[in-house]
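Here the structure comes first, spelled out in structure tokens, and everything after it is commentary.
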Amino acid sequence: MSDNASHDSFFALRHGLPRQGPGSDTTTRRLLALAGPLPARPRVLDLGCGPGRSALLLAAEAGAEVTAVDTHEPFLAELRESAAARGLDGADLHGGSVRALRADMRALPFPDGSFDLVWAESSVFVLGFDRALAEWRRLLAPGGTLVLTECVWTTGEPGPTARAFWEEHYPLRTVTGNAAAAVAAGYHVLATLTQPEGDWDEYYGPLAARAGAADTSVPGMAEAVAGARAEIALRREHGSDYGYAGFVLRPADPRWRTRPEAAGEEAEVRRVEEAAFGSAAEADLVDALRADADAWLPGLSYVAEAPDGTVAAHALITRCHVGGAPAAALAPVAVAPGHQRTGAGQAVVRAVLDAARLRGETLVLVLGHPEYYPRFGFERASAHGIRPGFEVPDEAMMALVLDDSAPVPSGPLRYPAPFGV
């Protein structure tokens, strides 16, 4: 059997199916929301678009100008037809549009900074997670976001059958492992999303039906059907070992070097706290938290450096409790007066949140300005049944879930003793 027969049968088995990987409209919408505010008529690049389910949704619901890329021309023809039927072929100059383009994601023909959003559902495996992050970063405009979904281990000890399969086909990491790779590659992790089992059903249900009706006398089709059925059986029997997850990433601001507070920098951090708040109160709080072994979390006192190497901003996360369960509290956040409104504060907050995520923290609380902290993904804590033990405007007490696969505790919020509340 020729390689062409195998290739043709693989795609023939999948032609006309709604999806070419685990996903759903609901997941696409959730990832879009997690990407945060976008410009009017955002420029979106959908890589490995397949028949374009996500591209069509992004154009229709975000008003996006979507460039949808794939190497398989039949998928692109199907997408063009669907876009035209929905009025998304560019005829409406004020609405969203989809342009289907045959191109290889390994050699993309676009100038740097061409897109506000780069999107890749169930396609990053073509390059591999690390290479994709390295090569696609240049495509993002300043403030742009990369959204992708990837197969991941959902347990630290996958069984031998699942491990053998994935080691042969595509080595997996955990969500935390991929998040760490993203941070190491110069991104902030805005959010991760564990995809529900229904996303697999939306992919494998139609594929299983197609495999059952396939003509296995066609050269290569028997092998294509056997491969699809083996994959479906693996998921059915060993699906607790692996899953799909979404990653919402944004390149770090290159103007600011962020890092953990170094030994001997306590006085420098204190200087920034006093200057930012105009009193010693927050500086004294940091010193008291540093001395509290139950509150202090090593590696979660972060600074942003000014160009001359001095500390321009500081952010601290310490241990708190919600309903008796451990959580994390972001406070204080301080920016030296000379560096305020320059992005230093955002840089250091995103960096310390990344560090908390990689450390395994699942929930972060903050009492702060309701017009500032939602840009990091914080929402009202009361939505999760979390309430502080003191009077505070509801919109000012906020929570950020770092791991949506873990249960979110609810109940009273207890800060460390040095906060005095």
Side-chain angles (χ1 to χ4, degrees), residues 1-23 46-55 68-82 100-109 120-132 135-136 148-153 158 160-173 195 199-239 241-244:
M1 182 183 61
S2 70
D3 289 342
N4 284 342
S6 297
H7 175 274
D8 292 347
S9 294
F10 177 89
F11 282 105
L13 185 64
R14 290 161 173 79
H15 183 68
L17 297 182
R19 295 193 173 275
Q20 301 302 314
D46 184 2
L47 292 169
C49 64
R53 188 71 172 258
S54 297
V69 168
D70 207 289
T71 57
H72 190 55
E73 184 58 40
F75 285 158
L76 297 172
E78 185 180 342
L79 174 55
R80 293 185 190 103
E81 183 177 342
S82 297
L101 177 68
R102 188 174 185 180
D104 189 336
M105 68 173 69
R106 291 166 290 198
L108 292 166
E121 285 194 56
S122 305
S123 62
V124 72
F125 69 90
V126 174
L127 267 70
F129 192 86
D130 296 347
R131 180 180 171 187
E135 295 188 6
W136 295 348
L148 52 86
T149 67
E150 172 75 313
C151 198
V152 294
W153 293 124
T161 301
R163 183 180 291 279
F165 177 89
W166 287 108
E167 285 181 352
E168 176 184 355
H169 291 88
Y170 183 73
L172 304 185
R173 292 190 290 227
Q195 295 181 227
D199 282 13
W200 290 87
D201 296 338
E202 289 212 20
Y203 173 44
Y204 280 151
L207 180 59
R210 177 68 58 80
D215 181 358
T216 55
S217 67
V218 174
M221 186 57 71
E223 290 77 7
V225 167
R229 285 176 171 165
E231 192 177 322
I232 293 168
L234 182 78
R235 179 66 194 173
R236 182 175 60 249
E237 297 166 11
H238 303 283
D241 287 343
Y242 63 97
Y244 245 81

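The first residue of the sequence shown is numbered 1, and numbering continues consecutively from there. Here the structure is a predicted model, which is why all the values come from computation and not from measurement. These values consider heavy atoms only, across backbone and side chains, with no hydrogens, waters or symmetry-generated copies.
- To the nearest 0.5 angstrom, Leu207 atom CG is 10.0 Å from Arg229 atom CZ.
- Note that SG of Cys151 and CH2 of Trp166 are 4.0 Å apart. Values are rounded to the nearest 0.5 Å.
- In this structure, Arg106 places its CZ atom where only 12 or fewer heavy-atom neighbours from other residues, nucleotides or ligands lie under 6.0 Å away.
- In this structure a side-chain-to-backbone donor-acceptor pair under 3.5 Å is missing from Arg19 to Tyr203.
- Between the side chain of Ser122 and the main chain of Pro22, a donor-acceptor pair closer than 3.5 Å is present.
- Residues that satisfy the ring-ring contact (aromatic ring centres under 6.0 Å, His included) test with His15, not counting sequence neighbours, are absent from this structure.
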message: Let's go through Asp199 and Glu121 carefully: what are the C-alpha distance in whole Å and the side-chain angles of both, what is the deciding distance for side chain to side chain contact (heavy atoms under 4.5 Å, CB included) to 0.1 Å, and is it a yes or a no?
response: CA-CA 12 Å; Asp199 282 13; Glu121 285 194 56; over 6 Å; no
- request: Evaluate the criterion side chain to side chain contact (heavy atoms under 4.5 Å, CB included) for residue pair Gln195 and Trp200; output intermediate values, then yes/no.
  value: CA-CA 9 Å; Gln195 295 181 227; Trp200 290 87; 5.7 Å; no
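- Between the CZ atom in Arg14 and the OG atom in Ser9 there is a gap of 10.5 Å [rounded to 0.5 Å].
- Side-chain atoms of Val124 and Leu47, non-hydrogen and from C-beta on, never get closer than 4.5 Å to each other.
- Rounded to the nearest 0.5 angstrom, Phe125 CZ and Thr149 OG1 are separated by 10.0 Å.
- Rounding to the nearest 0.5 Å gives a distance of 5.0 Å between CD of Glu135 and CG of Leu127.
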Can you list, pair by pair, the side-chain donor-acceptor contacts under 3.5 Å of residues 72-81, counting residues two or more places apart and other chains?
from, atom 1, to, atom 2, distance (Å)
Glu73, OE2, Arg80, NH1, 2.7
Arg80, NH2, Ala100, O, 3.3

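- Here CZ of Arg163 is found 9.0 Å from CG of Asp241. Values are rounded to the nearest 0.5 Å.
- In terms of heavy atoms, Asp104 sits closest to Thr71 at CA-CG2, 3.9 Å.
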Just distance, no hydrogens or angles: give the donor-acceptor pairs under 3.5 Å from side chains in residues 230-238, sequence neighbours left out.
from, atom 1, to, atom 2, distance (Å)
Glu231, OE2, Tyr204, OH, 2.6
Arg235, NE, Glu197, OE2, 3.4
Arg235, NH1, Gly239, O, 3.2
Arg235, NH1, Tyr242, O, 2.4
Arg235, NH2, Glu197, OE1, 2.6

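- Remark: the Glu150 side chain and the Tyr170 side chain contain an N/O donor-acceptor pair separated by less than 3.5 Å.
- Between Asp215 and Met221, every side-chain heavy-atom pair lies at or beyond the 4.5 Å cut-off.
- Scanning all heavy atoms of the two residues, the minimum distance from Leu13 to Ala224 falls at CD2-O, 3.7 Å.
- The two atoms that bring Pro18 and Pro51 nearest to each other are O-CG, 4.0 Å, heavy atoms only.
- Counting heavy atoms from C-beta outward, Asp70 and Gln20 have side chains that stay 4.5 Å or more apart.
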